[in-house]
Amino acid sequence: MTADNQTYPLVIDQRIDEPGGIARLRLRSPDGSPLTPFTAGAHLDVHVCDGEIDLWRQYSLCSDPACNEFYEIGVLRDPNSRGGSETLHKVAREGETLEIEGPRNHFPLHEEAPQSLLFGGGIGVTPMIAMARRLQALGKAFTLHYCTRSRSLTAFRDEIEASGLSANVVYHHDDMVESTLHLSAELANANDEAHIYVCGPQGFMDWIIGAAVEAGWPTGRVHSEYFNAEVDTSGSAFEVEAAASGVIVRVEEGVSIAQALREAGVKVDVSCEEGVCGTCICDVLEGIPDHRDHFLNDEEKAENDQMAICCSRAKSDRLVIDL
Ligand code: FES
């Protein structure tokens, strides 16, 4: 229906309020035409707009990649966010139209793997549901470990059961000691060629990824997608030249490169401003970045030829970026 980088409207066909403050939104094209196919792990960029709120937010697709009639996303109401999720909860009524970009996929499934271990924490289960549907269709071995605070706050349970995924889903609830995830054992018992996927709150992701690294899993078989992250803008001031704009700014501690450039009148594209979405990635022409994002992988960071300017800083006194 649309190219990857175009903005287009989708209508909210159905809203289901799930436990745990999650709104499940089913989106269709206004004229009922088929939607652009997507691959498991993909997300939509959604324009969240109401009053002073004017943001683009990323939401993973949890619907079946084989279905092109509708997309489905899950939106967690998060009072600690900058207003995007609260606003979307408020404005997302059935029949309303949302502006969309994508689907885009920065979290692809390695379909050739003989086994996949999917770890979803809370709302981080959404891309895992799409991955589980795809792996089930391929007849591949997989387990989805779905971790939530309690059974009563566990969203998507009905959907998981209706999709026939239950046999491959193990629930872990913080308040049920008998459901504890024995991570070391799961990692130790996995196939030598298995791949891990993890999405959820930062502490949950750090725990899974840290355990996998400690157990000797190569980073190429450990895949993650952050929904949000804390931004650390501590450290010495440095200079940034935006080469194409001809602007030089000093980036003080506590301020991001994107903020400093914006204040100097440079147009900077940002979305999450937390180093997770990739919108602000710029080419680095000179200097050494201090990478603090969760978007670039370790190999990309090591090359030092691109950086996320919403959160990353500099190891050198000066950076020249292509902006
Ligand atoms: S704006 Fe999302 S990574 Fe920088």
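Just follow the structure's listing: the first ligand is 1, and inside any ligand the first atom is 1. Just so it is clear, the structure is predicted and the values come from calculations on it, not from any experiment.
For ligand 1 and Gly275, the ligand atoms under 4.0 Å from any heavy atom of the residue are 3 (S). Near Gly278, with a cut-off below 4.0 Å to any heavy atom, the atoms of ligand 1 are 2 (Fe), 3 (S). Close approach of ligand 1 to Ser271 is summarised as follows: ligand atoms under 4.0 Å from at least one heavy atom of the residue are 1 (S).
Figure legend: cation-pi geometry between Arg221 and Tyr197 absent, as NZ or CZ is not positioned both under 6.0 Å from the six-membered ring centre and within 45° of its axis. Phe70 carries Arg26 over the face of its six-membered ring, with the cationic atom under 6.0 Å from the centre and within 45° of the normal.
Atom 4 (Fe) of ligand 1 has Cys280 among its coordinating residues (N/O/S atom, backbone or side chain, under 2.8 Å). Among the backbone and side-chain atoms of Cys310, none of the N, O or S atoms lies under 2.8 Å from atom 2 (Fe) of ligand 1. When distances to atom 4 (Fe) of ligand 1 are checked against a cut-off of 2.8 Å, Cys277 contributes no N, O or S atom below that limit.
In this structure, Asp293 and Gly275 approach most closely via the heavy-atom pair CB-O, 3.5 Å. Here the closest non-hydrogen pair linking Ala132 and Leu118 is N-CD1, 3.9 Å.
Between Tyr59 and His43, the gap from one ring centroid to the other reaches at least 6.0 Å. When ring centroids are compared, His172 and Tyr146 stay outside the 6.0 Å threshold.
Under 4.0 Å from ligand 1, the heavy atoms of Val276 that appear belong solely to its backbone. Contacts with ligand 1 closer than 4.0 Å are made by no heavy atom of Glu274, backbone or side chain.
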